[in-house]
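The block underneath contains the structure these notes are about, expressed in structure tokens.
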Amino acid sequence: MEQRTLTAEVFIDTGKDFRPEDSLQAEYIWVPGEIQTLEFDLSVFETTRGFRFDPLLEDSSMVKLLELVLTYDGGEQKTIEQSRIKTNSDVDFEPIFVYLHKDPKFFVDEALCVKLVRAEVRFQVLELGLGEKDYWQEIKKHSVSEKEKAQLLHKLELSMNQNRELEQENRRLRIEEADIYASGIWKLQHDAKGPFKVIFGKGNILTFLAAVYLALCSELFIFNNAYYSAPRPNDQVLVFSFFRFGMVWLGVFVLLAVLNAMVQKGYRRELA
């Protein structure tokens, strides 16, 4: 049966990140699939802020992490859950991890790494030399790690929340549109056709009202001037001239519409 001597290493972050001088090594005899149990005395470190376990330093590998138990100052022990452990695997079959490189690492959540005095790790090295096997490269291309899955799910959740917000906004706008359409002036603008479409258009409704007002003032001025003029024949009948009123209104409307168009054109040019 194949056997090799492999080296595992534990790194402790003492506040200066993971450094070679803050590490402990342990050799073990590897037999394919055999369970390895390694213990590390961490009381030699004054401060512990992070914990990293490298199961082997010699080759690419397939590792199954069975158990990682940390002992704290005071005697408390904790078996670390897989969700609190991160790794740099290329293919993830949790709790089996495939490394196509020669630097496998397991990182424990920093919140669980304060005042450590001992660590016990149980694991299996199932296979070595994976980096030389082409089929693992193909599997890597089509695999998605747990981290990538979490990122994709997070993006999907954000997109769904955004979609719900857009649907709510769209519903609100439809309600507002129905309320606005129920008002007379918007309905008149929306349903108008032909010449009335021009007259009652969104940009011309105020122009239309201004032209009516000025034409009415003009007609009343002429009527009032004629009524009080002297001498005036007794048989003269003063009437409101709709023809004159219409001609004045049309002239004023066209003039104001042209001026409004020129002003808007200049305004848009300034914005550009």
Side-chain angles (χ1 to χ4, degrees), residues 1-73 75-133 136-137 139-140 143 145-147:
M1 183 177 292
E2 183 184 1
Q3 292 186 359
R4 282 181 61 180
T5 300
L6 301 179
T7 305
E9 189 169 16
V10 161
F11 287 83
I12 296 298
D13 180 3
T14 61
K16 300 178 181 179
D17 208 350
F18 297 109
R19 306 183 303 168
E21 51 265 42
D22 297 325
S23 67
L24 300 172
Q25 291 187 350
E27 289 188 347
Y28 60 95
I29 303 300
W30 171 71
V31 177
E34 185 176 281
I35 296 177
Q36 305 291 337
T37 301
L38 301 179
E39 297 182 5
F40 298 90
D41 181 11
L42 307 181
S43 61
V44 296
F45 301 102
E46 292 184 4
T47 305
T48 61
R49 296 183 181 179
F51 179 91
R52 185 184 112 192
F53 173 63
D54 298 2
L56 67 154
L57 310 178
E58 289 80 8
D59 207 341
S60 54
S61 58
M62 180 190 295
V63 177
K64 183 176 182 179
L65 184 63
L66 299 174
E67 189 177 49
L68 198 162
V69 180
L70 298 179
T71 304
Y72 298 87
D73 186 15
E76 181 186 3
Q77 285 188 337
K78 285 185 180 179
T79 299
I80 309 303
E81 299 176 357
Q82 291 283 352
S83 60
R84 307 296 294 273
I85 301 173
K86 305 301 180 183
T87 186
N88 62 340
S89 62
D90 294 290
V91 183
D92 186 351
F93 301 115
E94 187 178 329
I96 298 175
F97 305 95
V98 176
Y99 304 89
L100 303 182
H101 53 84
K102 299 182 180 181
D103 190 22
K105 302 174 183 178
F106 290 95
F107 299 88
V108 176
D109 189 335
E110 291 181 357
L112 302 174
C113 300
V114 180
K115 296 183 178 180
L116 299 177
V117 295
R118 184 172 172 272
E120 180 180 316
V121 186
R122 293 178 63 246
F123 65 99
Q124 292 173 281
V125 178
L126 302 176
E127 194 174 354
L128 292 176
L130 302 180
E132 301 173 359
K133 299 177 180 178
W136 279 114
Q137 298 292 342
I139 293 175
K140 178 183 178 181
S143 66
S145 67
E146 290 300 318
K147 181 179 180 180

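Numbers here simply count residues along the sequence, with the first being 1.
Considering CD1 of I96 and OG of S89, their distance stands at 11.5 Å, rounded to 0.5 Å. Of the inter-residue distances, the one linking F11 atom CZ with S23 atom OG reads 4.5 Å to the nearest 0.5 angstrom. Note that the OG1 atom of T5 and the CG atom of L56 stand 12.5 Å from one another [nearest 0.5 Å]. Atom CZ of F106 and atom CD1 of I85 lie 7.5 Å apart (nearest 0.5 Å). Atom CG of L70 sits about 7.5 Å away from atom CG of L42, to the nearest 0.5 Å. K64 contributes atom NZ, which lies 14.5 Å from atom CD of Q36 (distance to the nearest 0.5 angstrom).
Applying the 6.0 Å contact sphere to CD of E21 captures more than 12 heavy atoms from other residues, nucleotides or ligands. At most 12 non-hydrogen atoms from other residues, nucleotides or ligands lie less than 6.0 angstrom from CD of E110. Heavy atoms from other residues, nucleotides or ligands lying under 6.0 Å from CZ of R52 number more than 12.
The aromatic rings of Y99 and H101 sit perpendicular to each other, their planes meeting at more than 60°, with 30° as the lower class boundary.
The shortest distance between side-chain heavy atoms of V108 and R84 does not fall below 4.5 Å. In this structure, the side chains of R49 and T14 stay at 4.5 Å or more apart for every pair of heavy atoms. Using a 4.5 Å heavy-atom cutoff, the side chains of M62 and V125 are not in contact. A 4.5 Å side-chain heavy-atom check between V31 and R4 finds every atom pair outside the cut-off. Side-chain contact between E9 and L24 is absent, with no heavy atoms from C-beta onward closer than 4.5 Å. Side-chain contact check for E39 versus R118: some heavy-atom pair is nearer than 4.5 Å.
Remark: side-chain polar atoms of N88 are paired, donor with acceptor, to backbone N or O of D103 under 3.5 angstrom. At least one donor-acceptor pair closer than 3.5 Å links the side chain of T48 to the backbone N or O of K115. Between the side chain of E127 and the backbone N or O of V98 there is no donor-acceptor pair closer than 3.5 Å.
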| Audit row: I80, V69, side chain to side chain contact (heavy atoms under 4.5 Å, CB included) steps and yes/no | CA-CA 6 Å; I80 309 303; V69 180; over 6 Å; no
Should L68 and F51 be marked as a side chain to side chain contact (heavy atoms under 4.5 Å, CB included) after you check the CA-CA gap, both sets of side-chain angles, and the distance that decides it? CA-CA 11 Å; L68 198 162; F51 179 91; 4.0 Å; yes
Go through it in stages, so that I can follow the logic: the residues are E67 and T79, the test is side chain to side chain contact (heavy atoms under 4.5 Å, CB included), and I'd like the CA-CA distance, side-chain angles, deciding distance and then a yes or no. CA-CA 7 Å; E67 189 177 49; T79 299; 3.9 Å; yes
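Between D13 and R19, no side-chain nitrogen of the basic residue sits less than 4.0 Å from a carboxylate oxygen of the acidic one, so the salt-bridge criterion is not met.
Residue pairs that meet the ring pair (Phe, Tyr, Trp, His ring centres under 6.0 Å) test with at least one member in residues 113-133, sequence neighbours left out, are Y28-F123, F53-F123.
Donor-acceptor pairing under 3.5 Å is recorded for the side chains of T7 and E58. Between the side chains of D41 and S43, at least one donor-acceptor pair of N or O atoms lies under 3.5 Å. Of the N and O atoms on the side chains of T71 and Q77, at least one donor lies less than 3.5 Å from an acceptor on the other residue.
Nearest heavy-atom pair across A8 and P55 is CB-O, 3.4 Å. Counting all heavy atoms, side chain and backbone alike, F97 lies closest to T87 at CD2-CG2, 3.7 Å.
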